[in-house]
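These notes are about the structure you will find just below.
Below, each value reflects all heavy atoms present in this structure, side chains not excepted, and no hydrogens, waters or symmetry copies. Order of listing sets the numbers, starting from 1, for every ligand and every atom in it.
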Amino acid sequence: MAALTDSCYLGFDFSTQQLKVVAIDGNLQVTHQSNVQFDGNLPEFRTHGGVHIHENGVTVTSPVLMWVKALDLLLEKMKTAGFDFSRVKAISGSGQQHGSVYWKKGARKTLQCLDPGRYLHSLLQNSFAVQDSPVWMDSSTAEQCKSLECAVGGAQQLANITGSRAYERFTANQIAKIYGLQQDRYNDTERISLVSSFAASLFLGDYAPVDYSDGSGMNIMDIFTKQWSEPCLKATAPQLAEKLGDPTPPTAVLGVVSPYFVKRFGFPGDCKVVAFTGDNPGSLAGMRLQEGDIAVSLGTSDTVFLWIKEPRPMVEGHIFCNPVDFQSYMALICYKNGSLTRERIRNKCARGSWEDFSSALRSSPMGNNGNIGIYFDAVEITPPALGIHRFDQHDKEVAAFTLEVEIRALVEGQFLAKRVHAQKLGYRIIQGTRVLATGGASSNKDILQVLSDVFNAPVYTIDLANSACLGCAYRAVHGLAAEMGMSFAEAVSKAPGAQLAVKPTPGAEKVYGPLLKRYADLEEKILRNTMTS
Ligand SMILES: Nc1ncnc2c1ncn2[C@@H]1O[C@H](COP(=O)(O)OP(=O)(O)O)[C@@H](O)[C@H]1O
Ligand SMILES: O=C(CO)[C@@H](O)[C@H](O)COP(=O)(O)O
């Protein structure tokens, strides 16, 4: 037993607003957690919510050096807190999906001989051909999307290969834009990483490959052969395969940590680095999703995901390779107007207080007396529409709601959308369905109550809102076990299970059944108006 509590595994998450870490011991118990907030702890980068929204409103980037500096800061913080790095057997991690990093020619050499006496951000300040990395909130690549779909034979055909039709935030379209507008920088790029494989590269002291699961969010990888698709490569940019390197299984042990971390922080020389993946795949691992469950992540973005065996890619939603099981897949739907929209309405209607926001939810009725709100502050992903739309019980568009009605309309609207879209992908709520919630807003029980009522199913949470970090700490454990043929489920069987957070209110299905239909029709109408305007 002592050996199990002595050993330690780390999971990092480079998400939109912060860098987080979770440490677990060999018994899979959480022993340490920490984080660095980009806006608050690194104000010199002047980000808002971890990003820069450019003047055109659709280009969204983050400074790549901010992520590097956040890692310097986080590891120093852990050291100051007395964290014992010498016990770490393996690390893994995740990153916000789709974002891309452009390593400059010569950067590999720099990575291979980092001076442990200096900070990473100072050592790597000249290592990037593009300083501002495009991130998942970007929607500036409509033109590139059109041309990629056209090149492979249409949206459905692209989905049949890569798991998704062309999406503006997906990496191929971002790369095509950089190649089109900044050819010098593209030519000066030695390696293109995702945020996840970039983070793994820092630890490895060499370029880390893209894993199959996060690689599925690029519009370039064939999710069935798990190789780059030739037609997609060709339609995106020249010499792309060599700049991407070959994709790798998410369970792969990539090597050991770079001597930089051994000398500077005292990591053991044989501490393994397991492939990093996307934050949503990381969450699937952290929640130990089972077939039949539906997971709802309420982070900066809201996402819904499912474990699936037989994928049928469609033009709505995404299919990714499964991060923990080679034979399986995961379906995902992403919403851009998640926590940041809830924060805006909280500030406008609840004096900036989550407590007041919650009490408005508690004191308003299920179904909001028939009022429905659809809030797309930024161009939404599912569906691609914009604007604030409020409807009364007769589906008549109205200009405003009272504060309390506005708060409930936002939360109900967000969850009605999730159930409507999940059902369109074929998901059915059956006896025994569990909704697993995670992400920052999953700490709010009143928000979870609305989720439970709209889905008419119990909502479970895990102890930690940071399921991506935890999942990657589990993946670090599994990476070592997988080498001996052990499955993920076996490797983490001792981990604490999800806890029941809330049950649906009696009568919920009667209230939300008709609202689901109305929501779907109203959304359809908004989308039609968007297309014709
Ligand atoms: N009590 C709360 N109620 C609702 N939302 C909350 C609460 N606490 C935190 N949040 C939301 O959680 C969000 C951060 O979630 P998180 O999953 O950590 O994001 P990310 O991983 O994308 O950085 C914040 O933007 C905030 O709006
Ligand atoms: O674009 C997607 C998924 O397709 C987003 O879910 C990003 O992966 C960002 O994640 P968070 O920082 O919101 O967790």
Whether T303 side chain and I333 backbone form a donor-acceptor pair below 3.5 Å: no
Part of I447 within contact of ligand 1 (heavy atoms, under 4.0 Å): side chain
Element-labelled atoms of ligand 1 that are located less than 4.0 Å from some non-hydrogen atom of S15: 20 (P), 21 (O), 23 (O)
Ring geometry between Y167 and H318 (parallel below 30°, tilted from 30 to 60°, perpendicular above 60°): perpendicular
Working for ring pair (Phe, Tyr, Trp, His ring centres under 6.0 Å), residues F224 and Y329: CA-CA 10 Å; F224 298 102; Y329 290 82; 5.8 Å; yes
Minimum-distance protein heavy atom relative to atom 7 (C) of ligand 1: W354 NE1, 3.5 Å
Any donor-acceptor N/O pair, S197 side chain to S193 backbone, under 3.5 Å: no
Contact residues of ligand 2 (heavy atom under 4.0 Å), by chain and number: S15, T16, Q96, Q97, H98, W136, R169, D279, N280, T300, S301, T303, L332, C334
Polar proximity ligand 1 side, G440 side, N/O cut 3.5 Å exclusive: yes
A208 backbone acceptor or donor facing S201 side chain under 3.5 Å: yes
Ring pair (Phe, Tyr, Trp, His ring centres under 6.0 Å) between H52 and F45, worked out: CA-CA 9 Å; H52 293 141; F45 292 98; 8.4 Å; no
Atom 21 (O) of ligand 1: nearest protein contact (heavy atom, Å): K20 NZ, 2.8 Å
P209 backbone acceptor or donor facing T248 side chain under 3.5 Å: no
Contact (N/O only, under 3.5 Å) between S301 and ligand 1: no
Part of N444 within contact of ligand 1 (heavy atoms, under 4.0 Å): side chain
Atom indices of ligand 1 within 4.0 angstrom of E343 heavy atoms, with elements: 24 (C), 25 (O), 26 (C), 27 (O)
F326: ring-ring contact (aromatic ring centres under 6.0 Å, His included) partners, not counting sequence neighbours: none
Under-4.0 Å heavy-atom contact with ligand 1, by part of R342 that carries it: neither
Note: R362-E355 ion pair, threshold 4.0 Å (strictly below): yes
Salt bridge flag under 4.0 Å for residues R165 and E316: no
Heteroatom proximity flag, D13 to ligand 1, N/O under 3.5 Å: no
